[in-house]
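Beneath this line is the structure, given in structure tokens, with notes to follow.
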Amino acid sequence: MTGENPPGGWVGPDRVRMGKYGFLIALGIASTAYHLWFTQLFPFEQDQHKIAHLGFMLVGAAVLAFEPEPKTRRERFGNYATLLEAALSAVVAGYLFIAFNRIVYEQLGIYTDLDLFMGLLLILLLLDVCRRVYGPMLSLVGVVGLAYALYGPYFPGILNHNGVQAERLVQGLTVEFGSGVFGVIVEVSGTFIIIFMILAGLLEAYGALEYFVQVGTLIGKQVRSGLAQMTTVASMGMGSVNGSAAANAATTGAFTIPLLKRHGLDRDTAAAYEAVASSGGQIMPPIMGAAAFIMAEITGTSYLRIIVVGFLPALLFYGTVAIGVHLTTIKEGLTSEIDEDELTDVETVDKDRKNALNAIFGRTTTAVSFGQISVRNLIVEGLALWVPLAVLLYALVILLYDPLYAGFLSIMSAFPAAFVQGIFFRDGYGIRDFLVDTLDGLGRGMENAAPIAVSLGVMNIFVGVLNLTGFTQVFASSLVELSGGVLALLLMFAMVAALLFGLGMPTVAAYITAVLLIAPALTEAGIDLLAAHFFVFYFAILSALTPPVAIACLVTARVAGGNFWRTAGKSLVLGAPLFVLPYIFVVNDSLLFWSVPATPITFVVVGTGLVATVTAIVNYFSGQLRLPSRAGLLVAAGAAVFAPLAPMTVAVQTLATLTIVALLYIEVKYDSGSETGQPEQAAVDD
């Protein structure tokens, strides 16, 4: 058994796992206390705080990468290296934190050899810890950046520059503090992102996944594709909270994918549903997977404006995915009946964590029950979720508080809401259960925040190199020149670049990389700054679905036991309209910047166009589409969503919308008495 001591081993993997999660919980408690203290009182300088923040996150990410049950010599060696890196991270952060005043105010630009050594060690730790938690791609970006800075004179064309000396490079990236590793992106991580990741961790521990499953079930009971809609709602809801497509796909996919397969959906389609839903969750306000805070800081725009601008495109994104899932599900013959008894399978998600919690505290709990799913029960059992979100939105929208203070209030409201939910509405739930859930939530907050912070530290290496070499403006000018001033061509180049920059990287890191290089070119071409950022952000998200890496598809295909390429192909079919959406809101800017009557009219027209697009791509409505109708839907959809490019916009919108409605009506009438409207039952995977 896994819990027994292996021959020659000191302790069994269960004890190691218990130690790992116990340490993460302890670190989460300390990190939460520190960050809440700092973000409310600001007892010392922001640059000094960034050192402490990065120290906490590096240690947490290194421990998170520790494998409790190594199977090979390489994994065992990796575990020793991981523990060493965690210890070194604490030492480096401690040294720089203590030496901060001396380095900044006393030596005035004169650095000791030990200062530079610690700076170099910090760079190496960031690169390798990031490799352990995210794979090699993002770390490779940092290494390429360093090589580019050092060997600039050897690069051709626009890449050529005078080069940066190694000592100057280490200084600029580390011990100068205000830039490089400790630049503005890590500042955002150490304030806004960490606060909302703590909130996300608490929501997860208090039953967010179970709650989203029940909400999806209630919605799913009203439609034929109910089971698929339930899994989509659950995955999108969790994706909005935790900020990582791959992590969300692995966590919620462990529950949703087997459930879909048991009800007749083939493994590749089930994996595709989860990949698209897990990725798309990051665009939904108010949290947006932490990207909203980065965008607000880079653009100098208020956080509230960011979530308002992103709201309608997010609804279109969700609506398009829901319709695509519905049509694909009916087409492939998935059993639509939802058996509520099966929903308890969600409790098996993240079994290792729950076993460790049981070993540490003598119990583990789940904050939501699964009996009699109804609107009333969802209100009662969702206290720990909707009360903090309601407080957050009220503080942001009505009281106009700063996001940091609003996030703090939201966290504070989560504790009594979860306590009331458990104590008064659950049988056998006591104070000890509440404390276990709360401590688990603080550990989850650390696990959510640490990988993101480390990835942002690596991205700051890359950004620091761009600033030192002046490459950003050169690239933007070259992109505009290459497009010949043609906006459509520039947008296509920007799309390809954003997808390439995002391959294999977490969304926030992909967004930062792409936006720093691409957004200047888009704004230079006359596109609004926020529109340019959202354009890049959407494609950074969609890079998780784009082969050859397609990290979300890779994860879900493994969970489903399916084929990666077939999963990626079905994800692209389901997500195809989403690749057009960024172009749509650049052309129809009233979707971003609201006005009456332009915004509601445009929303309806574009929504109709996206419905037509996904229907034509899936090739199913009430039955398989006839070729003329399918072609007509695609043409009419194109006219509807890009009508502002035509001389008579209103006339084109009206004609295109009516054409779509007419074609869909004709298809329904044509299939009403035909057997083609009855989908074949798909083969059930073993």
Side-chain angles (χ1 to χ4, degrees), residues 16-17 19-32 34-35 50-68 75 78-94 96-97 121-143 174 181-182 185-186 188-190 193-194 196-198 200-201 204 242-248 250-251 289-290 350 352-353 442-462 504-510 512 551:
V16 175
R17 194 174 288 110
K20 171 182 175 177
Y21 286 109
F23 181 84
L24 287 171
I25 288 173
L27 190 65
I29 294 170
S31 173
T32 299
Y34 166 76
H35 284 96
K50 286 184 278 189
I51 301 170
H53 168 69
L54 208 53
F56 273 116
M57 298 300 109
L58 266 172
V59 173
V63 173
L64 191 60
F66 186 89
E67 175 53 58
E75 288 181 350
N79 277 348
Y80 295 134
T82 295
L83 294 178
L84 176 62
E85 288 176 343
L88 288 175
S89 297
V91 170
V92 170
L96 292 176
F97 188 88
L121 189 55
L122 177 62
I123 293 173
L124 296 177
L125 286 169
L126 277 170
L127 291 172
D128 197 57
V129 172
C130 185
R131 177 189 64 81
R132 294 183 187 281
V133 294
Y134 278 121
M137 187 63 68
L138 182 52
S139 294
L140 185 61
V141 171
V143 171
T174 57
V181 168
F182 299 108
I185 301 172
V186 166
V188 175
S189 173
I193 291 178
I194 184 65
F196 283 87
M197 289 299 102
I198 292 169
E204 288 180 34
N242 65 20
S244 170
N248 185 42
T251 303
D350 213 356
D352 285 347
R353 164 193 293 283
L442 299 180
R444 288 173 186 260
M446 168 58 67
E447 294 175 44
N448 288 338
I452 293 176
V454 170
S455 72
L456 294 179
V458 173
M459 288 314 307
N460 261 349
I461 294 174
F462 186 72
M505 295 205 295
T507 301
V508 175
I512 293 168
I551 185 67

Inset, instruction - Please report the closest heavy-atom contact between Ala86 and Val59, naming both atoms and the distance. - result: O-CG2, 3.5 Å
Inset, instruction - List in chain and number order the residues that pass side chain to side chain donor-acceptor pair (under 3.5 Å) with Ser89, two or more places apart in sequence or in another chain; answer none if no residue qualifies. - result: none
Legend entry - Pairing residues for Phe97 by the ring-ring contact (aromatic ring centres under 6.0 Å, His included) criterion, not counting sequence neighbours: Phe44
Legend entry - Met459 side chain near Leu138 side chain, heavy-atom distance below 4.5 Å: yes
Inset, instruction - Quick one: list whatever passes side chain to side chain donor-acceptor pair (under 3.5 Å) with Thr174, sequence neighbours left out. - result: none
Legend entry - Partner residues of Thr32 under the side-chain contact (heavy atoms from CB on, under 4.5 Å) criterion, sequence neighbours left out: Leu36, Ile198, Leu442
Legend entry - pair Glu447-Tyr21: side-chain heavy atoms closer than 4.5 Å: yes
Legend entry - Nearest atoms (heavy-atom pairs only) where Thr82 meets Ala62: CG2-O, 2.5 Å
Inset, instruction - Kindly give the heavy-atom pair with the smallest separation between Lys20 and Pro68, and that separation in Å. - result: CD-CG, 4.1 Å
Inset, instruction - Would you give the length of the straight line joining atom CG of Asn460 to atom CD1 of Ile512, rounded to the nearest 0.5 angstrom? - result: 7.5 Å
Legend entry - Nearest-0.5 Å distance that lies between atom CD1 in Ile185 and atom CG in Leu456: 6.5 Å
Inset, instruction - Please work out which of the three classes, parallel, tilted or perpendicular, describes the rings of Phe56 and His35, given edges at 30° and 60°. - result: tilted
Inset, instruction - Taking all non-hydrogen atoms of both residues into account, name the closest pair between Gly142 and Ile461 and its distance. - result: O-CG2, 4.2 Å
Legend entry - Contacts of Phe462 that satisfy ring-ring contact (aromatic ring centres under 6.0 Å, His included) - sequence neighbours left out: none
Legend entry - Side-chain heavy-atom pair Ile25, Ile29 within 4.5 angstrom cut-off: yes
Inset, instruction - Please tell me if the side chains of Asn79 and Leu83 come closer than 4.5 Å, counting only heavy atoms from C-beta onward. - result: no
Legend entry - Any Leu64 side-chain heavy atom under 4.5 Å of Leu24 side chain: yes
Legend entry - Non-hydrogen side-chain atoms of Ser31 and Met57 separated by less than 4.5 Å: yes
Inset, instruction - Considering non-hydrogen atoms only, spot the tightest contact between Ile452 and Ser455 and give its length. - result: O-OG, 2.7 Å
Kindly list each side-chain donor-acceptor pair under 3.5 angstrom involving residues 124-132, sequence neighbours excluded, with atom names and distances?
unit_1 : atom_1 : unit_2 : atom_2 : d
Asp128 : OD1    : Arg131 : NE     : 2.8
Asp128 : OD1    : Arg131 : NH2    : 3.0
Asp128 : OD2    : Arg132 : NE     : 3.1
Asp128 : OD2    : Arg132 : NH2    : 3.1
Arg132 : NE     : Glu85  : OE1    : 3.0

Legend entry - Separation between CZ of Phe182 and CG of Leu122, rounded to the nearest 0.5 Å: 5.0 Å
Inset, instruction - Work out which heavy atom in Met197 is nearest to a heavy atom in Asn448; give both atom names and the distance. - result: SD-CB, 3.9 Å
